[in-house]
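Side chains included, hydrogens not; waters and symmetry mates left out as well; all remaining heavy atoms used.
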Amino acid sequence: QVQLVESGGGSVQAGGSLRLSCAASGRTFSVYAVGWFRQGPGKEREFVAAINWSGISTYYADSVKGRFTISRDSSKNTIYLQMNSLKPEDTAVYYCAAGRWYREPNTSNEYASNEYAYWGQGTQVTVSS
C-alpha cells in the first residue's frame with residue numbers, strides 16, 4: 001500500500017511560483033512512477049507531469065513545458081512540482097498519483113493515459129490575474 005499526501009497549494013498572482021509536494025508512505029514507493037494531474041473548475045482531469053521510478057526521466061504536458069519541473073527526493077519519499085510563471089489557466093486542484101506497470105512508459109501520452117494505483121486527496125492552486 002502507498003499513501004500520498006499533497007501540500008504546497010495556495011493563491012498566487014499570475015507570474016508567481018509555487019512548489020507542490022507529494023509525500024508518500026509505504027515501503028515499496030521507490031519502485032513507482034509518479035504523475036501530477038490537475039482538474040480545473042468545470043474541466044476534466046488532465047495530465048501535467050510525470051517522473052519515472054528512478055527519477056531519471058521526466059515528462060510534461062505541452063501546456064506546462066518550460067514552466068513546471070517535476071523531481072523526486074527518494075531519501076524523503078517525496079515528489080515535487082515546481083511551478084513557475086503561473087497563469088490563471090493553471091488554477092485547479094492538483095493531484096499526485098503513483099503507478100507501476102509491466103512496461104515502463106516512455107512518452108507523456110502513456111503517462112497521461114495509464115492507470116495509476118494510488119491517488120492523493122489533492123491541493124488547490126489558484127492563480128489570479
Side-chain angles (χ1 to χ4, degrees):
Q1 282 283 357
V2 173
Q3 290 80 44
L4 304 173
V5 178
E6 301 95 336
S7 62
S11 296
V12 64
Q13 288 191 327
S17 299
L18 284 173
R19 189 177 78 158
L20 304 184
S21 299
C22 173
S25 60
R27 291 182 298 173
T28 61
F29 177 69
S30 62
V31 302
Y32 284 82
V34 173
W36 282 97
F37 292 78
R38 66 187 181 186
Q39 187 165 17
K43 299 180 181 179
E44 294 188 354
R45 187 176 65 197
E46 64 174 350
F47 169 78
V48 175
I51 189 165
N52 76 331
W53 68 272
S54 68
I56 291 176
S57 301
T58 58
Y59 305 85
Y60 299 92
D62 288 342
S63 59
V64 306
K65 203 171 291 183
R67 301 189 297 123
F68 291 11
T69 302
I70 188 171
S71 62
R72 73 189 296 161
D73 184 337
S74 297
S75 67
K76 297 181 179 179
N77 267 6
T78 301
I79 307 295
Y80 301 100
L81 185 68
Q82 178 66 44
M83 306 186 296
N84 298 328
S85 301
L86 283 162
K87 305 175 181 180
E89 50 263 43
D90 294 319
T91 294
V93 177
Y94 283 72
Y95 302 89
C96 63
R100 185 184 181 192
W101 309 278
Y102 179 74
R103 186 182 71 82
E104 181 172 318
N106 56 16
T107 67
S108 296
N109 285 341
E110 287 181 281
Y111 275 104
S113 59
N114 276 10
E115 286 193 15
Y116 289 73
Y118 304 101
W119 290 82
Q121 83 291 347
T123 186
Q124 175 71 46
V125 171
T126 302
V127 184
S128 58
S129 57

Checklist entry - What about L4 and Y116, same hydrophobic cluster or not, with Ile/Leu/Val/Met/Phe/Trp/Tyr joined at side-chain heavy-atom distances under 4.5 Å? => result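 The answer is no; the residues belong to distinct hydrophobic clusters.
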
Item to check | ILVMFWY cluster, Y118 and V31 together (side-chain gap under 4.5 Å) | outcome: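 Cluster IDs for Y118 and V31 match.
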
Checklist entry - Are the aromatic rings of Y111 and Y59 close, with centres under 6.0 Å apart? => result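 Ring centroids of Y111 and Y59 are less than 6.0 Å from each other.
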
Next on the checklist: Tell me if the aromatic rings of W119 and F37 count as close, with their centers under 6.0 Å from one another.
Outcome noted: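 For W119 and F37, the ring centres are under 6.0 Å apart.
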
Does some side-chain heavy atom of [Y] sit less than 4.5 Å from a side-chain heavy atom of [X]?
X    : Y   : result
I79  : W36 : yes
R19  : M83 : no
T126 : V12 : no

Next on the checklist: Between S54 and N52, does the side-chain hydrogen bond (donor to acceptor under 3.5 Å, both in side chains) criterion hold? Intermediate values first, please.
Outcome noted: CA-CA 6 Å; S54 68; N52 76 331; 3.1 Å; yes

When rounded to the nearest 0.5 angstrom, what distance separates [atom1] in [X] from [atom2] in [Y]?
X   : Y   : atom1 : atom2 : value
S17 : F68 : OG    : CZ    : 9.5 Å
Y95 : L20 : OH    : CG    : 12.5 Å
E89 : R38 : CD    : CZ    : 8.0 Å
T91 : K43 : OG1   : NZ    : 8.0 Å
S57 : I51 : OG    : CD1   : 8.5 Å

Next on the checklist: Run the side-chain hydrogen bond (donor to acceptor under 3.5 Å, both in side chains) test against N114 and tell me which residues pass, sequence neighbours left out.
Outcome noted: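 Partners of N114 under the side-chain hydrogen bond (donor to acceptor under 3.5 Å, both in side chains) test: none.
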
Checklist entry - By side-chain hydrogen bond (donor to acceptor under 3.5 Å, both in side chains), which residues pair with R45, not counting sequence neighbours? => result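 In terms of side-chain hydrogen bond (donor to acceptor under 3.5 Å, both in side chains), with neighbours along the sequence ignored, R45 is linked to no residue.
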
Next on the checklist: The test is side chain to side chain contact (heavy atoms under 4.5 Å, CB included); show your working for T123 and V93 and say whether it passes.
Outcome noted: CA-CA 5 Å; T123 186; V93 177; over 6 Å; no

Polar side-chain atom of [X] near backbone of [Y] as donor-acceptor pair, under 3.5 Å:
X    : Y    : answer
S21  : A23  : no
E6   : C22  : no
S108 : Y60  : yes
W101 : E115 : yes
D73  : N77  : no
R67  : S85  : yes

Checklist entry - Going through the distances and angles, do S30 and W53 end up as a side chain to side chain contact (heavy atoms under 4.5 Å, CB included)? => result CA-CA 6 Å; S30 62; W53 68 272; over 6 Å; no

Checklist entry - Under 6.0 Å from the six-membered ring centre of F29 and within 45° of its axis: does the NZ or CZ of R72 meet both? => result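 Geometry flag: set, cation within 6.0 Å and 45°.
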
[X] and [Y]: which non-hydrogen atoms are nearest, and at how many Å?
X    : Y   : answer
A24  : V2  : CB-CG1, 4.5 Å
Q124 : A92 : NE2-O, 3.4 Å
C96  : V34 : CB-CG1, 4.4 Å
V48  : V64 : O-CG2, 3.4 Å

Item to check | Pair S128-Q13, side-chain donor/acceptor within less than 3.5 Å | outcome: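 No.
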
Next on the checklist: Hydrogens and angles aside, do Y32 and R100 bring a side-chain donor and acceptor to less than 3.5 Å of each other?
Outcome noted: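 Their side chains do not contain a donor-acceptor pair, so the 3.5 Å distance test is not met.
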
Item to check | CA sep, side-chain torsions, deciding dist, call: Q82, N84, side-chain hydrogen bond (donor to acceptor under 3.5 Å, both in side chains) | outcome: CA-CA 7 Å; Q82 178 66 44; N84 298 328; 2.9 Å; yes

Checklist entry - Do D90 and K87 pass the salt bridge (charged side-chain N to carboxylate O under 4.0 Å, His left out) test, and can you show the C-alpha distance, the side-chain angles, and the key distance before you say yes or no? => result CA-CA 5 Å; D90 294 319; K87 305 175 181 180; over 6 Å; no

Item to check | Neighbour count >12 (heavy atoms, 6.0 Å) for atom NZ, K76 | outcome: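 Incorrect, the count does not exceed 12.
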
